[in-house]
K.L.:
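Supplied in structure tokens, the structure appears directly below.
Excluded from the calculations below are hydrogen atoms, water molecules and symmetry mates; all remaining heavy atoms, backbone and side chain alike, are included. Please read these numbers as outputs of a predicted model, since none were measured by experiment.
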Amino acid sequence: ALCYLPEPERGRKFPRHRPENYSSQKAVRRKSSSRRGLPDADADLNATLRATMTKLTQWLWVLVLLGSAWAALTMGALGLELPFPCQEVLWPLPAYLLVSAGCYALGTVGYRVATFHDCEDAARELQSQILEARADLARRGLRF
């Protein structure tokens, strides 16, 4: 799961990036986690990274496909003769989409901030814990 640099060549002045007993530590960690019936931490990290990269890859493919379609339409690679009003709208379309996505993001953030709920119960509980901690520290001799 972790990426380490290769072993330094002879004569290099930089230290190794993994501890001497790295492989034994990893084996102990795997034994202990498998003994307890827990999943391997490295496997969980790999699965998470794979899922994240899959979503990123999907978004990149969509952007590449849309960009290719836009370029083919605007450059005339398909041999289509679009009317002038369509060409006028097609050229700045990526900028329009970018501005629209930014407006949507700002609107979503603004709505979430406006509808954020206060947690009075949690605030009261936190205040009581603060008072308990101050009383405990005062009992131990700390002055505020």
Side-chain angles (χ1 to χ4, degrees), residues 1-9 12-78 80 82-144:
L2 299 174
C3 180
Y4 290 100
L5 296 175
E7 294 293 325
E9 298 173 13
R12 289 267 175 112
K13 301 276 187 205
F14 56 88
R16 290 177 60 161
H17 289 282
R18 73 181 139 164
E20 293 294 329
N21 57 356
Y22 170 74
S23 58
S24 63
Q25 287 176 353
K26 196 170 183 179
V28 167
R29 189 173 8 149
R30 280 196 179 135
K31 282 181 191 174
S32 64
S33 63
S34 63
R35 216 179 313 131
R36 290 180 286 186
L38 297 174
D40 187 15
D42 292 338
D44 290 345
L45 181 64
N46 285 339
T48 304
L49 289 175
R50 227 178 291 122
T52 304
M53 288 303 294
T54 301
K55 198 59 169 175
L56 175 65
T57 307
Q58 288 175 356
W59 277 102
L60 289 176
W61 272 109
V62 167
L63 288 174
V64 165
L65 289 174
L66 288 175
S68 300
W70 174 80
L73 286 173
T74 55
M75 303 296 175
L78 300 176
L80 297 174
L82 295 174
F84 185 72
C86 291
Q87 289 178 357
E88 273 188 341
V89 170
L90 198 58
W91 273 105
L93 188 63
Y96 292 152
L97 292 177
L98 187 63
V99 169
S100 298
C103 290
Y104 173 75
L106 282 174
T108 302
V109 168
Y111 174 76
R112 301 284 182 194
V113 168
T115 60
F116 187 77
H117 297 291
D118 290 335
C119 303
E120 286 93 14
D121 295 337
R124 281 192 294 272
E125 180 183 349
L126 185 60
Q127 288 296 329
S128 67
Q129 289 175 356
I130 290 171
L131 291 175
E132 288 175 21
R134 282 188 176 194
D136 183 48
L137 290 173
R139 194 172 55 240
R140 294 180 185 200
L142 183 69
R143 294 183 198 152
F144 293 99

K.L.:
Mind checking what makes side chain to side chain contact (heavy atoms under 4.5 Å, CB included) contact with Glu125, not counting sequence neighbours?
P.N.:
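Once residues adjacent in sequence are excluded, the partners of Glu125 under the side chain to side chain contact (heavy atoms under 4.5 Å, CB included) criterion are Gln129.
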
K.L.:
Run through Val64, Leu65, Leu66 and flag the one making a side chain to side chain contact (heavy atoms under 4.5 Å, CB included) with Val62.
P.N.:
Leu66

K.L.:
According to side chain to side chain contact (heavy atoms under 4.5 Å, CB included), who are the partners of Leu78, at least two apart in sequence or on a separate chain?
P.N.:
Ala72, Leu73, Leu80

K.L.:
Please, which pairs that meet salt bridge (charged side-chain N to carboxylate O under 4.0 Å, His left out) have at least one residue in residues 108-120, sequence neighbours excluded?
P.N.:
none

K.L.:
Holding to side chain to side chain contact (heavy atoms under 4.5 Å, CB included), I want the full list of residues that pass it with Glu132, two or more places apart in sequence or in another chain.
P.N.:
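Applying side chain to side chain contact (heavy atoms under 4.5 Å, CB included) to Glu132 gives none.
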
K.L.:
Quick one: ring pair (Phe, Tyr, Trp, His ring centres under 6.0 Å) pairs with a partner in residues 85-110, sequence neighbours left out?
P.N.:
Trp70-Trp91

K.L.:
What residue pairs, at least two apart or across chains, pass ring pair (Phe, Tyr, Trp, His ring centres under 6.0 Å) with a residue in residues 108-131?
P.N.:
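Residue pairs with at least one partner in residues 108-131: there are none.
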
K.L.:
Of all residues at least two apart in sequence or in a different chain, which pass the side chain to side chain donor-acceptor pair (under 3.5 Å) check with Arg143?
P.N.:
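Once residues adjacent in sequence are excluded, Arg143 has no partner under the side chain to side chain donor-acceptor pair (under 3.5 Å) criterion.
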
K.L.:
Would you say Gln58 and Lys55 make side-chain contact, with heavy atoms under 4.5 Å?
P.N.:
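Yes, close enough: below the 4.5 Å cut-off.
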
K.L.:
Quick one: list whatever passes salt bridge (Lys or Arg N to Asp or Glu O under 4.0 Å) with Arg140, sequence neighbours left out.
P.N.:
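Only Asp136 meet the salt bridge (Lys or Arg N to Asp or Glu O under 4.0 Å) criterion with Arg140.
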
K.L.:
State whether the side chain of Gln87 and the backbone N or O of Thr74 hold a donor-acceptor pair below 3.5 Å, judged by distance alone.
P.N.:
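No: the side chain of Gln87 does not pair with the backbone of Thr74.
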
K.L.:
Which residues pass the side chain to side chain contact (heavy atoms under 4.5 Å, CB included) test with Leu63, sequence neighbours left out?
P.N.:
none

